[in-house]
Structures are given as C-alpha cells and as structure tokens.
Amino acid sequence: MKELEKTYDASAIEDRIYHTWEQEGYFGARPDPEKKPYTIVMPPPNITGQLHMGHAMDETLQDILIRYRRMQGYEALWVPGTDHASIATEAKVVEAMREEGLTKEMLGREGFLKRAFDWKDKYGNRIVSQLKKLGSSCDWSRERFTMDEGCSEAVLTVFKKLYDEGLIYRGNRMVNWCPYCNTSISDAEVEYESKPGKFWHLLYPVKETGEMLELATTRPETMLGDTAVAVNPEDPRYSHLKGCHAVLPLLNKEIPVVFDEHADMEKGTGVVKITPAHDPNDFEVGNRHNLPRVRILTYDGRMCGADDVREAQELLESGRAAEGEPEVLDCGKYAGLPALEARKEILKDLEAGGYLKETEEIQHDVGVCYRCHHVIEPMVSKQWFVRMQPLAEPAIRAVEEDRIRFVPERFKKTYLNWMNNTRDWCISRQLWWGHRIPAWYCEDCGETIVEKSAPAVCPKCGSTHLTQDPDTLDTWFSSALWPFSTLGWPEETEDLKYFYPTDTLVTGYDIIGFWVSRMIFSGLAYTGKEPFHTVYIHGLVRDSEGRKMSKSLGNGIDPLEVIDRYGADALRMSLLVGNAPGNDMRFYYERVEACRNFANKIWNAARFIMMNLEKADAAEVRTEDLAIEDRWILSRANRLAKEVTENLDRYELGIALSKVYDFAWDEFCDWYIEMVKPRLREEDAVTRNAAVFTLKKVLVTVLKLLHPYIPFVTEEIFTTLQDEEKTIMRSAWPVYDPALDFPAEEDAVEKIKDLVREIRAVRTGMEVPPGRKAQVYVVAKDEATRKIFLRSESFFRVLSYASNVTVLAEKTEEIPESAVSCLTAAAQAYLPLEELLDLEKERARLNKEKERLLSELKRSDGMLNNPRFTERAPEKKIHEEQEKREKYQTMLDQVEERLKLLS
RNA sequence: GGAGUCGUAGCUCAGCCGGGAUGAGCGUUCGCCUCACACGCGAGAGGUCAUGGGUUCGAUCCCCAUCGGCUCCACCA
C-alpha cells in the first residue's frame, strides 16, 4: 500500500494519470450492441483560439456528463475536434504574412492555403493539448477537423443536395461588406461602435414645384447612387408631391419621389434619400418600388469609374450575371477616390452649388468589422443563399414538440425567437480559407454547374472553359453538419448507426442562433433525425467585476495558469459550484482555493482511512455487526447516491455536486470519522472490522460520485486504495441498494448529533476550556432513546468532551442542582461544572431559548388554529405542522421546568 | 422597438416550479496546532428575500406595475 503525502499536490499527479488513461485506451468508444450508446460531440474550438475560461466550463460540463454515463455502463463517446474558423484564421494568417511583407495575392491561392494549413497544424495542436490538461476524456482517436476529408465530403454533399432541391440559390443581395478584408460578413460579424460623426442636411430641388426638399444623411457620397427620395404616405407635408420628381444635384438626374413606410415622419424632415445599392433599408424600398440599383463603390471601397462600368458590361454580356445585378455608375471626377475622400469633394461641390444646408455634429453607432474594425459598407453583391423557410419549419416543430429539449427551458424561447425571424442565410464568403463553393461557370454559355467535383465539360454547350466560383462557405455551414459529419455521414457507417443521433449538446447561450439552430435544421433535413435530444446551455464566465473576459480589456484569466497553481480538479469544480444552469458566473480565485481545499479534504480523509486499513480485515462484514453510526452513514451514502443520480439525470450538475460536497465534508469527515475513531483503537476485532469496512465503502462511494467532477484526485486515491480495480473511470456508478436503507438509525444519530451540538454550544457559551472534560448525565424519558445513547456511548463521550456518560430515565438526585443544562427535544444533558456555572448567564440563555420557542409556537398555532388552513391545506402539511408544534411544546416544558429550578 | 434575465448575509451566488430563510463558499468574531487535514476543528454574529399592488388559508417563489443592473435580436436615413 502506497502512502499518501500529507497535502494533496495536483501538479504531481495529473499529467501522469492523464497519460495512463490515454495509454490504456479508457477514453475510447466502439459500437457495442450489448450496451446503450451515449454521445456528445464537442463544440469545436477555433484552431486560432487559446483555451479560455469559457472553453474550460464548456469542456468540464461535457466531461462530467460523459464520465457519469461511462460509469453507468453506457458506451460513452465524446467526439473531439476543431473548427477552421474561416475569417478569424484567414485574418491571422494574413496578418502574419504581412509581417513578412507578403500578401495573399503574392502567394496565390495554393501558396496561401499551404500556409494556412501549417498554421492549423501548429495551433490546432495547441488547443488539443490544453484540453487534455483539463482532464477531458474524449476519444482522441476520433479527433476531427471541419476541413478534413470527411467533413468536406459532407459539406459538398449538402451543398449539391440543397442546390438540386432549389434551396440554395445565387442572388444579388445587400450584404455587409468589409472593404479591408474584402469579403462580405454576416450580420453577426458586424459590431457597432459609437463614434462622433456628422449629419449633412442636403437640399434636393423638386422638378415640378421648384421647392427644395431637405433631407439628412451621414454618407453624402452615396447620393450619386440615389434613385429616389422617399416620404411617408401618411405625411401631410408632402402629400402634394405625388408623381413628382427630385433633381439629383451634381448629376442633374431626375429621380422619383416615392411614398413608403420606411420614411419616418418623426425623424428629421421626414424625407429620405434612397440608395438601393448601398443601404439595406433602401434596398428594400427599392424592391418595393421597382427602383434601379446604382452601384457607385468598388468592392475595395473606391468610387467606380469607366473601367468598372466596362467590367460590369462584360459580365452582363457573358450571361453570368445573376438576376438583379446593379448598374454601375462612372463617378467621373470622383472615380477612383476612396469613399471618404470622395465625400469631401462631393460636399465641397454640393456646398458650391448651394445644396448643402447645414452640418450637424452627432454621435452615432457605426457598423464595423469584428476582425479589423474597419467601417462596413453595405453593398449589393452577388452571393449564395440558403432558402431558410422550408428548412426552419421542421426545426421549429422539433423544439415546439419537445423532441429537442433545452436545459434550462427558457432558452427554448431564445431559439424559437431566432428561428421564427430567420431570413435567408448568406453562405458565401470572399475568403480563401474554407470550403470552396462547388460551383463552376461556363465561360462560353454562362451555365452554372454545381457538382461535388470539377466537371470536365459544360453539360450544356460542351465547352471546357469552366471556372470555379472563387468564394468559400461560411464557417457555420460546416459546423452545422458537425453532429453527423464527424460520425461518417454521408456514408452509412456503423458509427453513424450506433452513435447517431447524439444525446446532449453542451454550449453557451451566445451561439444558439448561429450554431444550435443550424445543426437542428441540418440534422432534420439531411439525416431525417434530430441531431440530439437535449441542449444543455451554460452561461459565460466573467471576471470578478462581472465583465466579459476579453483580450481588449486584458482581464482574461488563463485556465492553464489556474491549473498550474491549484490543479485541474479545483478549476473544474470551481466552474460549477454555486451556479445554476444558464447563468453567467464570475471567476474568483477564492472559489478555486475553496475547491482545492475540498480536494485536499478528501485526500486527507482517504489518507486517514488508509492508515487504518491494516488494522482490520474490511473485506466483508455481516450486517448485524454494523454499529448504529455505521448504519447511519451507509444509509445516508446510499440515499445520496440515489439523489445525485436523479440530479444528474435532470442535468442539475451543480446541485448534485453540492450534495456530495456537504455529505463528504460535513457528515462523513466531521461526524462519521470522528465518531468511529475510538473504535479503531478497540481490542474487539468485530467492531474494528465494521468500522473500517464502512469507512472504506463510504469513501469509495464518495469517490465515485465525485469522479466526474474531480477526476484526478479521485483516481489517485481510488487506485491507491483498491487492489482489484485498475481505474475509477470505468468502475461502476453507485446505485441505490434497499438493503442499506436504515431510517431508524438515521433518526437515532440525528438525536445524538442534536445533543452533541447543544453540549458544545453550551460549553463554548460558558467558556469551558476545550481540554476540560466533564461528567455528562443524559436524561431521556423514552426508553428507546436511552438505548440509543447507551449504544453510542463510545463516540458520544468523545464528541461531547465527556469524562464519563451516565444515561438516566429521570433527572435524579444524582445530578447536582448546579449542573449546566443542555436541552433538546429527544434528550437533555446535565454537566456538573459548579465552578463555572454562572446562574445569570444560564437563566439568560434559557430565557432566550424560551422566547424563541414561544414565537415558534405562536406561528405554529396561528396556522393550526386557522380553519381555512386545516380545511384546505394538504393532509401532509398539516401533519408536519402538528409534529413541529409538539416538539416545540416538549422543549418549552423542559426550559420552563429548568427555569423554575433556577429561580 | 422586440425578447430574455437578474435584484436573497459585507462579497459572490444557491434555494428542489406556493408551506417555518438552522442556505453555501469567501470574509468576519471567539476559542483551539484534539494522534487525516491550519488547504484544518469547534462555537457564533450577520438577511424588512429591490419597491408597490394582486391571486391564495399561506408568497422569496405565481400575476401585474415601478425602480435599478445585465444580455440577445432588430434598428441606428
């Protein structure tokens, strides 16, 4: 038997244990018809990412669920992997290249991709090794990557399928364009920053009436692309303008006045310029009124010129232009200028022409790219879209009908809210890093061909001049397939049949819309099944001030540093205690410390038990040899196992943990171990055996219940303690055993604990030095109670600091009048400590107790005497209240009797 | 503008979907190095459960309103 160190040192054992687990293949899972599967797919961390607290929490929750089910005998599979994170990774790689003076264009597509893959190999491994430090028990042999062969095959299959079904289309839409990254980004990737800006009030003359229409804009350069001005149809100020036209300054072009809801009567003058090609709202207005779209900006943010017009013309002639292609305007003298510089020039010219009325300073929110923080230009551009409505419908029903359940339930609303408002999903990105869109265009006839691999000739005209679409797919497109692409889909693999649908998805509430919803509709659409039945949502980890941890604030805490200092167990545990599912949690080192202390407590309890193991043969003990306290703790542990299992099944991980925590520290260590200490020194082998047997059995139960949460310490203790089983992580989860249910003993020990606590409190109150032992007289009218105290004498004496214990039926002459009294409902104790007895103090204490009891009785009587309570409340509640009342009355009688004696 | 969420002990949070707030950790006070553990042991102090109504025999819990904090979505000419 190994000896344990006095203080638990996590850093000394964690790496070794993890290594053993991996080596022994304990994390692996294979289809096994004898067992039920339990599957979780890990939300793939970005390859560019470092492990942060959010991951730590996410991974810990999954590991707990997996370890729990594995011990329960499920074939538990946790599939790990990483995400290529298209825009984030591409941005980082580009940045690294820039330091070497290189650009994407210089390297070419192939050269760039090679660099990106190198990056992936380097940093993808970093996050994997960090996950291992946490103790994650994933099946690493199945590690996947969103751009690996299998996942890519899944992506191509889905793209083709959706295209063939008409659910993917290409069209001109308003997108958020980042001129710096040179790509469209999704709405979610736009951040808003409050910046000082200007509101320019422009004047447009009306051709028919000659009046001047005043309107305001923050982007005056877009006026070149205006194709209408709009007023609200309800607005009396402008009703006379029906059928009129405004004359666009500088261009001297007539544009119609349209009547549209979009114009807000309350805002400004109620007149809005409409630039369908460069504003999302104007785009909609343009659609409603059939306005032309005039594009004035190039995709890298400059004013269009003659070249751009020619290019657009060629595109149109090639037949490859999609529907709704905007016209391009040659901006003449402004052509080629960056938008901001053109703005200056245009303002100058407007002012010169008398079209600029005033300039107003304002503070407004500007959309910027979440990567590079450059201002976003809304642009009409040709993109690929997924038609959402037919896909969303079944996904909404699956959740409404509870085939997929959210934990906590309130996130169902978040999900439905998102799904019910979803618009068509723009899936193309002008990036190189990602899944390239499997569409080819025929140079000759303009045909679009979607195939999983490059077609040799155009099926329409036979031409070999085919070019592939240069764009790649939105990262979430591949993430959406993750639950089944990782299991082999579209192949009908054994894994897929056995492990899919998966069981639980664990993730943060921040990506319900981007990810969870897309997995759900994808699973339903492509596999015909819900990809999981439960979505367990957790909150964010914040700093101690409640702020989001972020790089820019510099308030992030590195989980690896915490692991180094306190151990992975302490970190894992601290991310769970005292937190309800779905709620954000603040990170405190104090909490980690408390968890570390708990691990140490368990460690020392085990150490104590091991020190006594040799004193007895604990192999098997007859039930009748078990002492009252043995039965009590076994019964408690037994019920604990039952409750914890129920809590875990309901995903109440925090509650389950706090139950084991309280049991282990309070009941097991502070009470049971203390109770049993005298017996370990007993001559009698039977009682020693029973004690050691119980100690070990309860310890093992506690270790097993704790293992999912704190895998390392529990494994180290378990393997040191057990000789037959090799690992706790594949040992059997404790199950409720009716033979270990001892309600009478539980009740009895509670009575003893009550009196012990009372004696201790009285002694402390009287300032009796801990070393001063005293004779204790226990008085109990009830014979059964007397028996309990007699049978428990060995530990009752020690716990109550007694030199000797005498159990009596009545308070007899034997007990000195001056003895200090300790009163509980079941029994009373008297401590003859003459020299210490302070009559005043004793009376004061008793009077305070009397008052408390009287108020309790008043409350109880108030309820019981209320006929509406006794008539309407459930039988059980009434009975409980009656029992309470009786208890208070008994105690009050004792207190009063005692007070009478003292007066 | 739409939705959600929180307001309980000095701090951070639990509170089993109506029944005494003996709630937890940290902090704090007093006493203890009691032969597993000072990362510990024993005993305390500390709360009008944000405010105002309502439903109910009974509300920290359900409903409505108000105040204050946070989040997501939409919008920001």
Side-chain angles (χ1 to χ4, degrees), chain A residues 4 6-8 187-188 192 199 215-219 222 230 262-264 267-268 271-275 279-282 285 364-367 409-411 413-414 417-418 421 509-510 512-513 539-540 542 544 546 548 566 570 574 577-580 582-591 593-612 643 646-647 650 652 654-655 658 661-662 669-670 673-674 677 681 757 760-765 767-771 798-799 801 856 859-860 862-863 866-874 876-878 880-881 884:
Chain A
L4 298 180
K6 184 171 166 185
T7 303
Y8 171 61
D187 292 345
Y192 288 90
F199 225 11
L215 47 83
T217 177
T218 53
R219 297 190 302 154
T222 61
H262 167 62
D264 187 338
K267 273 186 190 169
V271 186
V272 201
K273 63 197 263 317
I274 301 296
T275 324
D279 181 279
N281 286 307
D282 295 2
V285 176
H364 65 153
D365 290 343
V366 181
E409 218 174 336
R410 71 181 124 98
F411 291 105
K413 278 189 196 148
T414 308
N417 216 24
W418 175 281
N421 295 316
Y509 58 71
D510 47 338
I512 290 175
L540 267 40
R542 299 171 173 278
S544 58
K548 220 164 161 171
Y566 297 97
S574 74
V577 293
N579 182 241
N583 286 1
D584 289 353
M585 136 174 278
R586 300 190 187 196
F587 183 87
Y588 284 95
Y589 273 107
E590 288 85 345
R591 187 173 10 225
E593 224 166 274
C595 295
R596 188 265 322 260
N597 294 352
F598 177 70
N600 188 242
K601 185 75 185 176
I602 300 298
W603 178 263
N604 271 289
R607 197 161 73 94
F608 173 77
I609 291 165
M610 285 184 212
M611 281 164 35
N612 286 287
E643 287 179 16
E646 286 165 359
N647 287 132
R650 288 198 295 263
E652 295 161 349
I655 293 172
S658 73
Y661 181 101
D662 290 341
C669 290
D670 290 348
I673 290 183
E674 293 307 321
K677 273 178 179 171
R681 286 174 234 132
R757 269 193 287 251
R760 285 172 176 173
V762 168
R763 282 177 60 110
T764 305
E767 290 168 11
V768 183
V798 179
L799 298 183
Y801 310 103
E856 290 290 6
R859 186 195 57 79
S860 211
M863 284 173 80
N866 181 346
R868 282 176 303 189
F869 172 71
T870 46
E871 279 160 26
R872 298 191 201 186
K876 193 172 154 237
K877 289 288 164 200
I878 298 171
E880 272 174 23
E881 206 48 47
K884 281 183 206 165

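Here is the naming used below: chain letters follow the sequence lines, and residue numbers restart at 1 for every chain.
Each of B:U12, B:A36, B:A77 was ranked by its minimum atom distance to the side chain of A:Phe608; first place goes to B:A36. Out of B:U12, B:U71, B:A3, the shortest distance to the side chain of A:Tyr509 is found at B:U71. Closest contact between the side chain of A:Cys669 and the listed nucleotides B:A36, B:G15, B:G31 involves B:A36. The nucleotide whose nearest atom lies closest to any side-chain atom of A:Thr7 is, among B:A36, B:C39, B:C26, B:C39. Which of B:G42, B:A43, B:C37 sits closest to the side chain of A:Tyr801 comes down to B:G42. Distance from the side chain of A:Lys601 is smallest to B:C37 among B:C37, B:G15, B:A77. With B:G31, B:A77, B:A43 as the choices, the nucleotide that has an atom nearest any side-chain atom of A:Asp264 turns out to be B:A77. Of all nucleotides listed (B:C39, B:G4, B:U71), B:G4 comes nearest to the side chain of A:Arg410. The side chain of A:Arg757 lies closest to B:A43, out of B:U71, B:C37, B:A43. Considering only the side chain of A:Asn583, B:A14 comes nearest among B:A3, B:C41, B:A14.
In this structure, A:Glu593 reaches neither bases nor backbone, as no heavy-atom distance under 4.0 Å exists between it and the strands shown. In this structure, A:Ala580 reaches the sugar-phosphate backbone alone: every heavy-atom distance under 4.0 Å involves primed, P, OP1 or OP2 atoms, never a base. Within 4.0 Å (heavy atoms only), A:Thr217 reaches sugar-phosphate atoms of the nucleic acid but no base atom. Across all strands shown, A:Cys595 has no heavy atoms under 4.0 Å from either base or sugar-phosphate atoms. A:Asp662 comes within contact range of no nucleotide atom at all, as no heavy-atom separation falls under 4.0 Å. Across all strands shown, A:Lys677 has heavy atoms under 4.0 Å from base atoms, whether or not it also approaches the sugar-phosphate. Across all strands shown, A:Thr218 has heavy atoms under 4.0 Å from sugar-phosphate atoms exclusively, and none from any base. Residue contacts shown for A:Tyr661 are limited to sugar-phosphate atoms, with no base heavy atom under 4.0 Å away.
In this structure, CE of A:Met585 is placed 18 Å from P of B:U71, rounded to the nearest angstrom. Here the C1' atom of nucleotide B:C26 and the CG atom of A:Asn579 are 16 Å apart, to the nearest Å. The distance between atom CG of A:Asn600 and atom C1' of B:C39, rounded to the nearest whole Å, is 5 Å. A straight line from OH of A:Tyr589 to C1' of B:G25 spans 18 Å, rounded to a whole angstrom. The distance from atom OH of A:Tyr588 to atom C1' of B:G27 is 12 Å, rounded to the nearest whole Å. What separates CD of A:Glu652 from P of B:A14 is a distance of 14 Å, to the nearest Å. Rounded to an integer number of Å, the gap from A:Asp584 CG to B:U12 P is 14 Å. Straight-line distance from the CZ atom of A:Arg760 to the P atom of B:G31: 19 Å, rounded to whole Å.
Separation of the C1' atoms belonging to B:G18 and B:U55 is 11 Å when rounded to the nearest angstrom. Across the P atoms, B:A77 and B:G4 are found 28 Å apart, a figure rounded to whole Å. Using atom C1' as the reference point in both B:G10 and B:C75, the two lie 42 Å apart (nearest Å). Spacing between B:C6 and B:A14 at atom P, rounded to whole Å, works out to 9 Å. Comparing the same atom, P, in B:A59 and in B:G53 gives a spacing of 13 Å after rounding to whole Å. On the C1' atoms, B:C49 is 11 Å away from B:G15, given to the nearest whole Å. Separating the C1' atom of B:C61 from that of B:C17 is a span of 8 Å, rounded to the nearest Å. Here, B:U71 and B:A65 have their C1' atoms 23 Å apart, quoted to the whole Å.
Side-chain N/O atoms of A:Arg586 include one lying less than 4.0 angstrom from OP1 or OP2 on B:U12. Between A:Lys6 and B:C39 there is no side-chain polar atom (N or O) within less than 4.0 angstrom of OP1 or OP2. Taking only side-chain nitrogens and oxygens, A:Arg219 never comes nearer than 4.0 Å to OP1 or OP2 of B:A77.
Pair check for B:C70 finds B:G4; Watson-Crick or G-U wobble, both atom distances under 3.5 Å. The pairing partner recorded for B:A43 is B:U29, the criterion being a Watson-Crick or G-U wobble arrangement whose two distances lie under 3.5 angstrom. Pairing of B:U60, defined by two Watson-Crick or G-U wobble distances under 3.5 Å, is not identified with any nucleotide. Base pairing of B:A14 is not made with any nucleotide, judged by Watson-Crick or G-U wobble geometry with both donor-acceptor distances under 3.5 Å. Across every strand in view, B:C49 sits unpaired, with no contact that passes the Watson-Crick or G-U test at under 3.5 angstrom.
With the nearest nucleotide of RNA chain B identified for both A:Asp510 and A:Arg650, A:Arg650 has the one nearer the 5' end. Heavy-atom distances to RNA chain B give each of A:Val271 and A:Glu409 a nearest nucleotide, and the one nearer the 5′ end belongs to A:Glu409.
Salt bridge absent: A:Arg868 and A:Glu871 never bring a charged side-chain N and a carboxylate O closer than 4.0 Å.
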task = Test A:Lys677 against A:Val798 for side-chain contact (heavy atoms from CB on, under 4.5 Å), laying out the working first.
result = CA-CA 9 Å; A:Lys677 273 178 179 171; A:Val798 179; over 6 Å; no
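Using the six-membered ring where Trp is involved, A:Tyr661 and A:Phe598 have ring planes that are parallel, under 30° apart on the 30 and 60° scheme. The aromatic rings of A:Tyr566 and A:Tyr589 lie tilted to each other, with the angle between the two planes from 30° to 60°.
When all heavy atoms are compared, the tightest approach of A:Asp584 to A:Asn579 is O-ND2, 3.4 Å. The two residues A:Asp282 and A:Thr275 have their closest heavy-atom pair at OD2-N, 2.7 Å. Across all non-hydrogen atoms, the minimal contact from A:Ala263 to A:Ala230 is CB-O, 3.8 Å.
If you check distances only, the side chain of A:Arg591 never reaches the base of B:C26 with a donor-acceptor pair under 3.5 Å.
Without hydrogens or angle criteria, A:Asn600 side chain to A:Arg596 main chain gives no donor-acceptor distance under 3.5 Å.
Taking the side chain as every heavy atom from C-beta outward, A:Lys884 and A:Met863 never approach each other to under 4.5 Å.
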